[in-house]
Amino acid sequence: MTAPPPTRRRADWASAPTATDAGEARAAKHSLWVGRVLIILVSATLLLLLGRVYQLQSQPHQRIAELRESQSASAALTGRRGALTDRRGRPLATTRTAYRLFIDPHQITRFAGFSETVGYELGYNPAEIELAIYRNPDSRYIVIDHRLTDEQAARFAELNLPGLYTEPVVVRDYPQGPLAGQLIGFVGRDGTGLDGLERHHNQDLAAQPGRYTFLRDHRARRMWLDPNRYTPHTDGQNIRLSLDIRIQAIAEQKLAETVDKHAAASGQIVVMDPATGEVLALAHYPPFDPATFQDPETEAARRLRVVTDVFEPGSTFKTFVWAGLTEMNAADPSETFDCENGLWVMPNRRRLRDAKEFDLLSWSQVLQHSSNIGMAKAAARVSQDDLHRIIAAFGFGQPSGVDLPGEVTGTFRPVADWSSYSMGSLPMGQEISVNAMQLMRAFAAIANHGTLLTPTLHPPGPGQASPLGQRIVSSRTAALARAALRAAVAEDKQKRVESDLYPIFGKSGTAQLPKTKDNSPPEENTGGTSGATSGGGGGYVDGVYVSSFVGGAPLDQPRLVVGCFIHETRKPTGHYGSTVAGPAVKHVLEQSLLYLGVPPLPSATDTDRVATATE
């Protein structure tokens, strides 16, 4: 019997090579080879693409470069212009976002009726829109309106009209309207300050623009922002002013009433804190609204007349000459002057007149009753150089220093140019011209116990000390001057400035308008309201005046000084400073002091205060 063949174990079968295994091995090697080839091809392709990208970036073909430029755009980032606020933070000039309306003709799907729809829906002339598109056929940016109103913006949102678009723009707003308009000024369409404080502080208020670059598709839609070409913007600085809009409103309202009542050409009111030099109100009439600066009819009203216009101060000027002569001991308050019953012929044969016939007046009464003769007799006791030093010490002949644009110095001639009449003219406020801020600065020194400060529109910040001034007369001299001015107000029989609330001191001035080439031909000077002859020029316009009043209150520790200057008044409607400007100063003082919380003083103590100050 033959033996069966040996049986293999499972393990031996598994380890034995077969034809299938060999085929799989060949397939694996083939796949590996193919994979390596693909990797090489892909790598080469990527390298070629990277090279092509580099070539397109560094040295693109002209057509490709033009296409790339058409898809790349940059835009400005506009910051906010700094705000102007009053001393309590209430806005005077602010910045907000509005919308500019423009047309992209390339995106208009239906030209028929397009202009009519835009015009009738948003309030424009369709013919002008058609003309703008016709004149700019290749433009993709035709501005229709630089600033839409809120109503127009709401209507635009409902139109959904292809080719008509808006973009945000930063615009300047003046929330208080014409209040303090001349002081604030205005900005142009490009956001640059063009007048007033907007121009004067443009560098601080202006924002520093930024810029960014982006890519857009064929429909001008933004796709990608280039992070390497982005510069952020910087907002402008906010500026807080010493102005108080409540006091400003009080002054402007009363000023308008006064100018209209007396049919004058213009007027100004200045309100100051004499202890700090801070200006609390600068009122002008006619008013000016910064929002209407493009209207040519408002051009004349834009001028900041408190520093750009000059005038003869008239009798208000006697206050400073009186104080200077008293300080030099050229005259004593207790001595008397013979005022010649209202007519005195000076040694140079010039005839001086007083408004009233006075016999003997004390030195204090010379100021109280505004005697031209008494002032001239006292001034004759000093030299021309001494009188020049007195006037210069009060800041005349130089700018007031207030931080306002366009200030003029006025006219105060050197002694070498004085005439034989000058020693009689200057003590009564002739042969000199000043602006309102110069006059108010000098008067504030009388209220500030003899210390002259520079007027300012910027209150001190936290921790900052009050400014130091220059003492020009003693506290006693300043008190004597205030007492004489208080007596002038209290003893006025018509009570035009006298107040039931506060003891007001003040001085009026009524100066004739000097002739210029603009208002009349020169002729022989016939003098001012006092009848005195000025030797300084070509005479005065007949019957036309500058009516002024400067005053302060309370008497002992003056909290405010107010000056009112009304230009081109005439006799038929009133021209004396005490009649025209005095009541306005009284009203502004009363209302402003009450607003500031200054308690009214008992009127019974007024006589005692005057008596104490004159001792």
Side-chain angles (χ1 to χ4, degrees), residues 82-94 173-185 196-198 200-201 205 238-258 267-285 287-290 304-307 400 402-404 436-437 440-441 443-444 447-448 453-462 464 466-467 499 501-502 504 550-554 557-565 584-600:
L84 289 170
T85 68
D86 83 338
R87 63 188 304 110
R88 299 174 184 266
R90 293 170 290 202
L92 294 165
T94 60
D173 270 347
Y174 300 97
Q176 308 301 330
L179 192 73
Q182 290 88 349
L183 173 63
I184 296 169
L197 293 180
E198 291 277 31
H200 195 57
H201 293 296
L205 292 168
N238 296 332
I239 295 180
R240 184 171 70 97
L241 304 177
S242 60
L243 215 67
D244 189 300
I245 62 172
R246 177 57 186 150
I247 297 177
Q248 179 77 22
I250 292 170
E252 288 194 9
Q253 180 180 0
K254 192 61 182 179
L255 178 62
E257 294 175 1
T258 302
Q268 300 88 45
I269 288 181
V270 180
V271 183
M272 289 179 59
D273 182 341
T276 64
E278 294 176 47
V279 178
L280 303 183
L282 282 179
H284 291 75
Y285 189 87
F288 166 66
D289 189 343
L304 199 57
R305 293 177 181 267
V306 292
V307 291
S400 68
V402 66
D403 194 20
L404 287 174
M437 286 305 304
M440 289 304 298
R441 181 192 186 200
F443 191 77
N448 193 31
L453 294 173
T454 299
T456 179
L457 282 160
H458 305 286
Q464 292 182 338
S466 297
S499 170
L501 302 176
Y502 303 98
I504 296 175
V550 289
Q557 293 294 330
R559 180 66 177 83
L560 294 178
V561 290
V562 177
C564 179
F565 312 95
V585 170
K586 169 188 172 180
H587 176 85
V588 174
L589 277 171
E590 287 182 337
Q591 297 301 311
S592 299
L593 290 171
L594 288 172
Y595 162 74
L596 293 173
V598 178

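Just the heavy atoms: all of them, side chains too, but no hydrogens, waters or symmetry mates, feed the values below.
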Checking [X] side chain against [Y] main chain: does a donor-acceptor pair fall under 3.5 Å?
| X | Y | result |
| --- | --- | --- |
| Gln176 | Pro91 | yes |
| Arg559 | Leu593 | no |
| Glu252 | His284 | no |
| Ser242 | Val279 | yes |

Starting at [atom1] of [X], measure out to [atom2] of [Y] and round the result to the nearest 0.5 Å.
| X | Y | atom1 | atom2 | value |
| --- | --- | --- | --- | --- |
| Met440 | Phe565 | CE | CZ | 6.0 Å |
| Gln248 | Leu255 | CD | CG | 9.5 Å |
| Leu84 | Arg90 | CG | CZ | 15.0 Å |
| Ile184 | Leu304 | CD1 | CG | 11.0 Å |
| Leu457 | Leu241 | CG | CG | 6.5 Å |
| Ile250 | Gln591 | CD1 | CD | 5.5 Å |

Identify the heavy atoms of [X] and [Y] that sit nearest to each other, and give their distance.
| X | Y | value |
| --- | --- | --- |
| Ile269 | Ala251 | CD1-O, 3.7 Å |
| Leu205 | Ala83 | CD2-O, 4.1 Å |
| Ala584 | Thr258 | CB-OG1, 3.6 Å |
| Gly177 | Pro290 | O-CD, 3.6 Å |
| Ala447 | Val561 | CB-CG1, 3.6 Å |
| Pro274 | Leu453 | O-CD1, 3.5 Å |

Would you say that [X] contacts [Y] through its side chain, given a criterion of any heavy-atom pair below 4.5 Å between the two side chains?
| X | Y | value |
| --- | --- | --- |
| Tyr174 | Glu198 | yes |
| Leu183 | Leu404 | yes |
| Leu280 | Val270 | no |
| Asp403 | His201 | yes |
| Val271 | Val588 | yes |
| Leu594 | Tyr502 | yes |
| Val307 | Val402 | yes |
| Leu596 | Ile247 | yes |

- Residues Glu590 and Ser499: side-chain donor-acceptor under 3.5 angstrom: yes
- Query: Are there more than 12 heavy atoms of other residues, nucleotides or ligands under 6.0 Å from atom CZ of Arg87?
  - Reply: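 It does: Arg87 CZ has more than 12 such atoms within range.
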- Message: Is it the case that atom CD in Gln253 sees more than 12 heavy atoms from other parts of the structure closer than 6.0 Å?
- Response: no
- Message: Thr85 vs Asn238, test: side chain to side chain contact (heavy atoms under 4.5 Å, CB included). Steps then yes/no.
- Response: CA-CA 8 Å; Thr85 68; Asn238 296 332; 6.0 Å; no
- Are Asp86 and Arg240 close enough, and set up right, to give a salt bridge (charged side-chain N to carboxylate O under 4.0 Å, His left out), and what steps lead you there? CA-CA 6 Å; Asp86 83 338; Arg240 184 171 70 97; over 6 Å; no
- Does the pair Met272 and Val562 meet the rule for a side chain to side chain contact (heavy atoms under 4.5 Å, CB included), with working shown? CA-CA 7 Å; Met272 289 179 59; Val562 177; over 6 Å; no
